Amino acid sequence: EAEAAAVQQQLLAEVVRFVAEICRPQSSTLALQVFIACDGLKVLSSFLEKEVLFRPVAPDGAQRDGVPRTASPSLTHLVIDSIWSIFNRESRAKFLLPNLDICRLFVKAGVLAPLAKLLRRWIRAGDEAYQERLVNLFVQFARGDEVVREAMAAPAVLEGIMYGLAELNHVPRCLLKLLHCVARMTMCAAALEALEQAQAVPQLATFTNPQLESIYVFSEADAAKIRRAALLSLYYLCGGKAIRQQQFQRRQEVAASSGLIKHLQHYIHTHSDMEHLALHMFCALPYAGQRVRTRLWQEQAHLFYIALLEHREQYWRLQALEALALWLADGQASAPKRSELERVMLQPKHVAKLVPLFRTAPDEAMVAMLPPYMQLLKSSKLLARACSPLAPDVLARLGNDQVFGVNTTIDLLRVLHMLLNELRTPATFIEEHSLDGALWSLFKRKQWDQKPIVGNVATEVLDTIEKYRG
């Protein structure tokens, strides 16, 4: 039996060598086409599961592609070289089979799980040269279509990729390539749940650390590339453009508990090249639920949102205002309580950011700001009183020549109404600005009587004015 097994092993070794000769870059393109047509990729993939092929090759003095065969410690290395050669043939134009199709054929042949298992094995064995070759193969597959990337999300495959992310931190080149694989997978909707189950979120959050180079002894250039790839992967994993949707809250919660908040604040504060991506993620966090808002409070992120009200870009001022409005409207919050956030926002230095935000905004930006502004004023009467100096500005917006839509006009009237109700001396304000006459003049000039909804709201404001005048 031992003799028969030895003969069988020898025959298998010769088969592997024969297949390797067919797959060599210098071999006949026609031979390779016939090999693939005869289901050869399935045979090639099956070699990776033969334990006997992991034994060292007996040197026979032969050479392969100019390299002595003794340079490959096992037949498994020959198999990997063969797979790599198929993806990287110099005669690709003559071969007429694009890599996308090769990826699909290999996936159908079941190569991904054995490759992932082999990656773990060679990482443990310290085979750095072939670790990188395997990582390069995964990069090839990650460039495939949705079918290929969904196959990469299988638990047996993801396990190997995540193991590589955890263990290859001493080889930044390989780590970066694996992160690029994950980034491409996050763009496949079918892979997102599997990535979450594989604990990709906390792993990726770790690699967004601004101090990455000192933790893993990376060069600054490598650390910057790794951080960028990890943050981009997290962005898509947490929903991408749909990041505010409820279905992605759990992942954002995990990311927040893994230290992401501080990292995002750093990138925003330092105006790094990742600032816009960090702002997208940071401004979406309050929508991820109470537990995330609690963590935001612990990291003093509420002060960061208030500071963003003075951001150089109008868009991020709006995003920060919406985040604060949502947060302050949460009457069920336990940590922090709404009153705690309200107390912070009522500080004069913070009110001094809220008032000019509306006062100086261009008309188009002001229209977008109205809903969150109204939400803030509804949520806190004290804040409405603090912002009451805005009343003349609201009146001026109503009176300018800009033609606002019905909804915008109604919102402006309601804001004026709320501010009027919170003025310390409303009668004085009404008299100083001849508010009743000004509003009646607007009523006629803007023909609000022909717009019943606007007319009704304007009438409510006029009734309130009459009440305060006594």
Side-chain angles (χ1 to χ4, degrees), residues 1-119 121-122 125 127 129-141 144 148 151 160:
E1 288 184 11
E3 201 173 316
V7 171
Q8 188 176 11
Q9 289 173 12
Q10 189 175 357
L11 284 172
L12 181 59
E14 290 306 316
V15 171
V16 171
R17 290 188 179 115
F18 175 72
V19 170
E21 287 298 315
I22 293 175
C23 297
R24 281 193 316 124
Q26 292 80 17
S27 68
S28 163
T29 298
L30 180 59
L32 184 54
Q33 288 174 328
V34 172
F35 175 73
I36 292 175
C38 294
D39 223 4
L41 298 187
K42 189 171 184 179
V43 174
L44 190 57
S45 302
S46 70
F47 289 158
L48 295 173
E49 301 185 77
K50 305 287 187 183
E51 188 65 29
V52 66
L53 298 186
F54 286 91
R55 296 175 185 174
V57 176
D60 58 5
Q63 291 194 354
R64 178 171 45 86
D65 301 337
V67 179
R69 188 166 287 164
T70 50
S72 257
S74 80
L75 288 167
T76 310
H77 292 79
L78 278 179
V79 177
I80 296 302
D81 289 340
S82 299
I83 296 173
W84 180 251
S85 295
I86 292 173
F87 276 112
N88 294 275
R89 287 183 69 82
E90 294 177 5
S91 55
R92 173 62 59 198
K94 296 178 183 177
F95 190 35
L96 300 178
L97 199 57
N99 277 351
L100 180 59
D101 292 336
I102 292 291
C103 284
R104 279 202 172 206
L105 288 171
F106 266 123
V107 165
K108 187 177 179 181
V111 77
L112 288 175
L115 283 178
K117 184 178 179 181
L118 190 57
L119 179 62
R121 183 171 188 156
W122 281 349
D127 190 341
Y130 274 84
Q131 287 169 16
E132 185 165 8
R133 178 144 288 191
L134 277 174
V135 168
N136 287 337
L137 281 173
F138 278 112
V139 171
Q140 289 282 0
F141 284 109
V148 176

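Owing to the predicted nature of the structure, the values given are computational and were not obtained by experimental measurement.
By the 4.5 Å heavy-atom criterion applied to side chains, Ile83 and Val79 are counted as neighbours. Looking at heavy atoms from C-beta onward, Leu44 lies in side-chain contact with Ile86 at the 4.5 angstrom threshold. Looking at heavy atoms from C-beta onward, Ile80 lies in side-chain contact with Leu115 at the 4.5 angstrom threshold. In this structure, Gln140 and Ile102 have side chains that are not in contact, with every pair of non-hydrogen atoms separated by 4.5 Å or more.
Residues that satisfy the ring pair (Phe, Tyr, Trp, His ring centres under 6.0 Å) test with Phe106, not counting sequence neighbours, are Phe87. With sequence neighbours excluded, no residue forms a ring pair (Phe, Tyr, Trp, His ring centres under 6.0 Å) with Trp84. Among residues two or more places apart in sequence or in another chain, the ring pair (Phe, Tyr, Trp, His ring centres under 6.0 Å) test is passed with Phe47 by none. Shown here are the side chain to side chain contact (heavy atoms under 4.5 Å, CB included) partners of Lys50, two or more places apart in sequence or in another chain: Leu12, Val52, Leu53. By the side chain to side chain contact (heavy atoms under 4.5 Å, CB included) test, Leu30 is found to be paired with Ser28, Gln33, Val34, residues two or more places apart in sequence or in another chain being considered. With sequence neighbours excluded, the residues forming a side-chain hydrogen bond (donor to acceptor under 3.5 Å, both in side chains) with Glu132 are Arg173, Lys177, listed by chain and number.
For the atom pair OG (Ser82) and CZ (Arg17), the distance works out to 12.0 Å, reported to the nearest 0.5 Å. The line from CG of Leu41 to SG of Cys23 is 8.0 Å long, rounded to the nearest 0.5 Å. Between the CG atom of Leu134 and the NZ atom of Lys117 there is a distance of 14.0 Å, given to the nearest 0.5 Å. Taking CG of Leu32 as the start and CD1 of Ile36 as the end, the distance is 4.0 Å to the nearest 0.5 Å. With values rounded to the nearest 0.5 angstrom, His77 atom NE2 is found 4.0 Å from Trp122 atom CH2. Note: Asp127 CG to Thr76 OG1 = 10.0 Å, rounded to the nearest 0.5 Å.
Nearest heavy-atom pair, Ser27 versus Glu21, reported as atom, atom and distance to 0.1 Å: CB-O, 3.2 Å. The shortest non-hydrogen separation linking Leu78 to Ala20 is CD2-CB, 4.4 Å.
One finds no salt bridge joining Arg24 and Asp81 here, because no Lys/Arg side-chain nitrogen approaches an Asp/Glu carboxylate oxygen to under 4.0 Å.
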